[in-house]
2 protein chains.
Amino acid sequence: MARKTGSHSEITGPRIRAVAERLFARHGYAAVSMRQIAAEVGVQAGALYLYTPDKQSLLADMMREHLEGLLAALADLPAPPDPAEALAQFARFHVDYHILRPDAVFIAYMELRNLEPAHFAQVEALRRRYEDALEAILQRGRDMGVFSLPDTKLATLALIAMLTGVTNWYREGGRLGRAEVLGIYADMALKAVGAGPKR
Amino acid sequence: MARKTGSHSEITGPRIRAVAERLFARHGYAAVSMRQIAAEVGVQAGALYLYTPDKQSLLADMMREHLEGLLAALADLPAPPDPAEALAQFARFHVDYHILRPDAVFIAYMELRNLEPAHFAQVEALRRRYEDALEAILQRGRDMGVFSLPDTKLATLALIAMLTGVTNWYREGGRLGRAEVLGIYADMALKAVGAGPKR
DNA sequence: GCTTGAAATGAACCCTTGTTCAGTTTACCG
DNA sequence: CGGTAAACTGAACAAGGGTTCATTTCAAGC
């Protein structure tokens with residue numbers, strides 16, 4: 001039988017993913033070598049291949065899992081009937097989720113170009129599904145006359161860019177607290193689409 | 001004397017920068033080799049070193065020049081007394097400038113991590129100056145009571161992220177024209193800070 | 001305690017990297 | 001037309017890349 005206590009496989013596997021995520025985010029996928037990852041994990045480079053078929057899969061799996069987690073968390077939210085409330089909830093959710101995972105977010109948005117076509121298509125489809133969720137909210141708000149939007153697709157991308165930008169500067173323990181930041185971004189999002197902030 | 005007509009140096013130099021810009025934007029600095037650049041220019045790798053001391057300088061110069069151009073263009077704008085007008089002008093300017101140079105923009109925002117500390121400091125200072133220009137507009141609008149902003153620094157970064165996001169999707173000849181896009185972004189920016197769109 | 005097999009080593013594989021440089025080409029100047 | 005210097009080649013360098021694999025380690029189960 002497989003070993004249990006004392007076995008390292010259940011520790012090394014996740015550690016590789018964690019280290020790779022941090023290094024990829026910090027220096028970029030192409031700039032990080034398998035030997036660097038191995039060194040930080042405390043293992044030889046060859047050992048990495050017990051946990052991943054190759055470097056590319058390490059990246060692709062990481063991105064896919066991040067986006068699947070994001071979509072799953074989004075699906076767990078209630079669906080408020082009021083579009084303004086739905087948008088405020090989305091904005092808070094998005095900022096909060098991204099603030100807590102800056103490395104994964106950065107990689108998912110920046111390393112798309114380093115994916116082979118097959119992996120790229122998978123990841124892009126997931127991202128598209130997420131954007132569609134926001135666009136549906138905007139569409140409904142516009143149909144109900146509470147949002148004023150010349151173009152919902154453009155607004156979707158503009159809002160996501162604005163909200164995701166939080167990862168560029170937010171640091172835990174900084175000048176602004178997390179709750180505060182969520183509120184400000186949600187307000188800006190609501191105002192940007194022509195709805196008053198939720199009180 | 002130096003040759004003039006027939007000399008390639010005044011052609012090869014700019015071509016190297018142009019090719020490098022496109023490749024860095026497409027694949028990332030670390031993923032592009034000097035041999036790839038040379039091949040696209042139609043020259044041997046060694047010849048690149050007649051025009052740049054090393055690969056790192058190629059990147060750093062590119063980023064510095066982009067940001068200097070951005071700041072110079074910004075400085076050429078008039079300074080409208082009305083904050084809302086100033087913000088609308090800034091938004092239009094930012095989107096327009098970025099739409100026309102997607103590769104340079106992408107590199108300036110994404111390859112910061114690949115700069116050596118000395119180059120990084122220079123580039124970061126330029127970017128900071130640009131952000132400060134927008135923050136000054138927001139600050140003045142808030143002081144005059146026409147913008148409602150809990151935090152001007154956060155708003156600055158949120159707006160820049162939103163506006164810069166245009167490079168993620170805008171393509172010349174697409175569904176929306178450039179003028180149209182400028183207008184929509186400017187409106188969203190104004191609304192986001194609590195000012196009505198300029199008419 | 002001995003066997004077993006998963007976990008990890010460490011050396012090797014071949015390829016590509018950034019960079020250098022002695023030598024060749026080329027087109028202008030005098 | 002010959003000399004000159006700029007522009008470029010092409011081969012070499014040492015270092016590091018991703019990946020493989022025969023071998024060693026060692027805790028778990030009998």
Side-chain angles (χ1 to χ4, degrees), chain A residues 1-21 23-24 26-63 107 111 113-119, chain B residues 1-21 23-24 26-63 107 111 113-119:
Chain A
M1 283 294 287
R3 288 180 295 173
K4 282 176 221 150
T5 316
S7 171
H8 286 182
S9 81
E10 285 152 29
I11 294 177
T12 306
R15 262 179 60 84
I16 289 173
R17 281 189 286 272
V19 166
E21 180 173 299
L23 290 179
F24 286 169
R26 203 96 69 205
H27 309 292
Y29 170 76
V32 174
S33 72
M34 295 299 266
R35 285 174 178 84
Q36 274 175 60
I37 298 171
E40 287 222 14
V41 172
V43 101
Q44 291 296 318
L48 300 184
Y49 291 86
L50 296 170
Y51 300 94
T52 183
D54 49 31
K55 193 188 177 191
Q56 168 81 201
S57 302
L58 202 53
L59 175 64
D61 289 351
M62 193 147 122
M63 291 175 68
I107 293 167
E111 300 293 355
R113 61 190 178 187
N114 283 311
L115 288 181
E116 293 157 3
H119 289 140
Chain B
M1 284 291 289
R3 287 181 296 172
K4 284 175 218 147
T5 317
S7 171
H8 286 182
S9 81
E10 285 152 28
I11 295 176
T12 306
R15 262 179 60 84
I16 289 172
R17 282 190 285 272
V19 166
E21 181 172 300
L23 289 178
F24 286 170
R26 204 97 68 204
H27 309 292
Y29 171 75
V32 173
S33 73
M34 295 299 265
R35 283 173 180 82
Q36 274 173 61
I37 297 171
E40 288 220 15
V41 172
V43 102
Q44 290 296 316
L48 300 185
Y49 291 85
L50 296 170
Y51 301 93
T52 183
D54 49 32
K55 192 187 177 190
Q56 168 80 200
S57 302
L58 202 53
L59 175 65
D61 288 351
M62 195 146 113
M63 291 174 69
I107 292 167
E111 302 293 355
R113 60 189 179 189
N114 283 311
L115 289 180
E116 291 157 3
H119 289 140

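Quick note on labels: first sequence line is chain A, next is B, and so on, each numbered from 1.
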Figure out the [atom1]/[atom2] separation between [X] and [N], and round it to whole Å.
X: B:L48; N: D:dG10; atom1: CG; atom2: C1'; answer: 14 Å
X: B:E116; N: C:dG18; atom1: CD; atom2: P; answer: 14 Å
X: A:I16; N: C:dA7; atom1: CD1; atom2: P; answer: 11 Å
X: B:M34; N: D:dT9; atom1: CE; atom2: P; answer: 14 Å

Fill in: Closest contact, heavy atoms only, A:Y49 versus A:D54
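Between these two residues, the closest heavy atoms are CE2-CA, 4.0 Å.
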Among the nucleotides [options], which one has an atom lying closest to any side-chain atom of [X]?
X: B:Q44; options: D:dT19, D:dG10, D:dC8; answer: D:dG10
X: B:L50; options: D:dG18, D:dC8, C:dA8; answer: D:dC8
X: B:A45; options: D:dT19, C:dT19, C:dA7; answer: C:dT19

Worksheet item: Out of A:E111, A:R17, A:E21, which one pairs with A:M62 under the side chain to side chain contact (heavy atoms under 4.5 Å, CB included) rule?
Response: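 Testing each of A:E111, A:R17, A:E21 against A:M62, the sole residue satisfying side chain to side chain contact (heavy atoms under 4.5 Å, CB included) is A:E21.
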Worksheet entry | Side-chain-base donor-acceptor pair under 3.5 Å for A:R35 and D:dG16 |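 When only heavy-atom distances are counted, A:R35 does not reach the base of D:dG16 through any donor-acceptor pair under 3.5 Å.
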Discussion item. Students often get this wrong, so: under 4.0 angstrom with heavy atoms, is A:V41 touching a base, only sugar-phosphate, or nothing?
Written reply: nothing
So, does [X] get its side chain near the phosphate of [N], meaning an N or O under 4.0 Å from OP1 or OP2?
X: B:T12; N: D:dA7; answer: no
X: B:S33; N: C:dT17; answer: yes
X: B:Y51; N: D:dC8; answer: yes

